2 protein chains.
Amino acid sequence: MRHVAPSTVRRLSLYLHFLEGRGNGAAWTVSSRALAEAGGATPAQARKDLSLFGSFGRRGVGYPAGALAEQLRGILGLDRGYRVVLVGGGRLGAALTHFEGLRDRGFAVSAVYDADGGKAGSALEGHLVRDVASLEADLAGAPADIGVIAVPAAAAQAVADRLVKAGVRALLNFAPVTVTAPAGVAVKHADLALELDGLAYALAHRGS
Amino acid sequence: MRHVAPSTVRRLSLYLHFLEGRGNGAAWTVSSRALAEAGGATPAQARKDLSLFGSFGRRGVGYPAGALAEQLRGILGLDRGYRVVLVGGGRLGAALTHFEGLRDRGFAVSAVYDADGGKAGSALEGHLVRDVASLEADLAGAPADIGVIAVPAAAAQAVADRLVKAGVRALLNFAPVTVTAPAGVAVKHADLALELDGLAYALAHRGS
DNA sequence: TATTGTGAAGTGGTTCACAGCT
DNA sequence: AGCTGTGAACCACTTCACAATA
């Protein structure tokens with residue numbers, strides 16, 4: 001598969017969420033217009049997005065919802081399971097472990113770590129919290145696919161480095177700092193400060 | 001100011017975070033290369049981003065860090081304060097109210113609301129939790145600039161509609177569903193599920 | 001020599017428009 | 001007639017290259 005734009009992947013995900021929200025097993029058909037509305041795009045763009053991966057629709061009819069959802073899950077790689085390790089047992093970590101969207105979509109939190117040794121051994125939303133010192137040793141025996149970083153900014157890069165060295169190939173960083181990783185490791189940032197700045201910009205420049 | 005790309009605003013925010021992280025008052029100079037590294041861009045792009053708003057540097061020398069940070073705060077609209085209302089007093093809401101990045105950057109949480117009447121009157125990180133039923137009445141007297149939506153997906157759009165009707169002009173939505181608002185209201189999405197799907201895609205397609 | 005500022009060129013994502021099926 | 005699939009046109013963001021300046 002050729003260079004697919006991040007914006008396209010994002011829309012594919014939105015199309016899938018829309019289909020799943022409408023009932024998964026139903027044998028209804030969906031038009032490129034409906035998909036576009038769900039993904040914040042135009043009908044032509046929705047068709048182009050899908051055509052990058054195949055011809056899933058029927059001309060004159062539309063797309064079979066169930067089959068399309070199945071295709072999208074395959075394209076996005078959601079037809080397999082991922083082992084997720086969470087580093088950071090604070091309030092954000094608690095919110096994340098509680099997020100049902102994780103497990104529902106094949107992301108299984110296999111471990112929660114915290115730098116505060118005092119928290120080790122306690123439970124967070126049904127997960128045993130371990131001392132981050134044992135991260136490498138634990139992952140050596142049970143490698144993880146995705147590392148979620150929910151620690152203070154000052155510690156984020158160090159945690160990222162350790163996760164990568166321990167074999168994690170994808171990082172989701174919530175700390176308000178840009179973390180870098182070697183080529184081959186995917187990094188996504190969920191930076192609240194960035195979004196707020198974007199809103200501030202919009203508020204400051206509306207009408208001008 | 002004319003049509004500035006969202007990606008540019010995002011980078012400006014990253015430049016500013018970098019400058020602030022290096023010490024605010026210092027009279028050091030920063031090069032477009034250093035800014036680029038912080039913003040995930042090329043030096044030429046950093047220069048172009050800044051040149052959209054003025055000439056802040058000195059040829060052959062670089063940019064004066066303190067003055068540039070000040071300019072960026074002005075450009076991004078961070079030189080004023082914003083009143084933020086948070087709807088959703090769950091774990092995510094707790095994490096958000098605790099996030100120092102909010103107050104440090106001029107975003108003041110003026111109220112926290114929850115749909116669970118039982119929570120009304122309790123305290124969340126020093127904020128009194130109010131029943132969401134009183135949202136409109138409260139905002140009529142003390143309008144807010146930004147509404148943060150941290151409620152279940154099923155309730156997100158209704159909350160967005162109420163916030164907009166109450167005069168809020170910018171929304172930050174954490175629910176895993178796309179919320180829409182009338183033109184003139186800025187909406188940003190912090191959708192964890194979308195980021196995870198992006199990582200799944202990267203993992204599924206690495207090397208191919 | 002070092003670095004900014006910026007018009008010009010390049011790249012890549014989006015939109016258009018219509019052929020091809022149902 | 002209705003809707004998908006897609007090459008071509010379009011547009012916007014990025015990169016280049018170099019004049020201007022310290």
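It should be emphasised that the depicted structure is a prediction, and the values quoted were computed from it without experimental measurement. So you know, we letter chains A, B, ... as the sequences are listed, proteins then strands, and number each from 1.
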Nearest-nucleotide pick for [X], side chain only, options being [options]:
X     : options                : value
B:K48 : C:dT6, C:dT4, D:dC3    : C:dT6
A:T8  : D:dC3, C:dT14, D:dT6   : C:dT14
B:R47 : C:dT6, C:dT14, C:dG13  : C:dT6
A:S7  : D:dT6, C:dT6, C:dG13   : C:dG13
B:A5  : C:dT14, C:dT22, D:dC13 : D:dC13

Whole-Å gap separating [atom2] ([N]) and [atom1] ([X]):
X     : N      : atom1 : atom2 : value
A:Y63 : D:dG5  : OH    : C1'   : 7 Å
A:F53 : D:dG5  : CZ    : C1'   : 15 Å
B:L52 : D:dT14 : CG    : P     : 10 Å
A:H3  : C:dG13 : NE2   : C1'   : 14 Å
A:R10 : C:dG13 : CZ    : C1'   : 15 Å
B:Q45 : C:dT3  : CD    : P     : 19 Å
B:L12 : D:dT14 : CG    : P     : 11 Å
A:L50 : D:dC3  : CG    : P     : 16 Å

Exercise for the section: Please tell me if the side chains of B:V109 and B:H127 come closer than 4.5 Å, counting only heavy atoms from C-beta onward. Expected result: yes
Practice task
Taking the side chain as every heavy atom from C-beta outward, state whether B:N173 and B:K188 have any pair of such atoms under 4.5 Å apart.
Solution key: no
Problem - Whether A:F107 and A:Y82 hold their rings parallel, tilted or perpendicular, with breakpoints at 30° and 60° - result: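 A:F107 vs A:Y82 ring planes: parallel.
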Practice task
Look at the side-chain N and O atoms of B:S32 and state whether any lies under 4.0 Å from the OP1 or OP2 oxygen of C:dT4.
Solution key: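 For C:dT4, OP1/OP2 do have a side-chain N/O of B:S32 under 4.0 Å.
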Handout entry: OP1 or OP2 of C:dT3 under 4.0 Å from side-chain N/O of B:S31
Key = no
Practice task
Select base, sugar-phosphate, or nothing to describe what A:R58 touches, counting heavy atoms under 4.0 Å on all strands.
Solution key: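 Sugar-phosphate only.
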Exercise for the section: Give me the one residue out of B:R11, B:R10, B:R73, B:R105 that meets salt bridge (charged side-chain N to carboxylate O under 4.0 Å, His left out) with A:D197. Expected result: B:R105
Practice task
Decide yes or no, distance alone: a donor-acceptor N/O pair under 3.5 angstrom between the base of D:dA20 and the side-chain of B:R59.
Solution key: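 For B:R59, whose side chain was compared with the base of D:dA20, there is a donor-acceptor pair (under 3.5 Å).
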Problem - Between CG on residue A:L72 and CZ on residue A:F18, distance to nearest 0.5 Å - result: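 That separation rounds to 12.0 Å.
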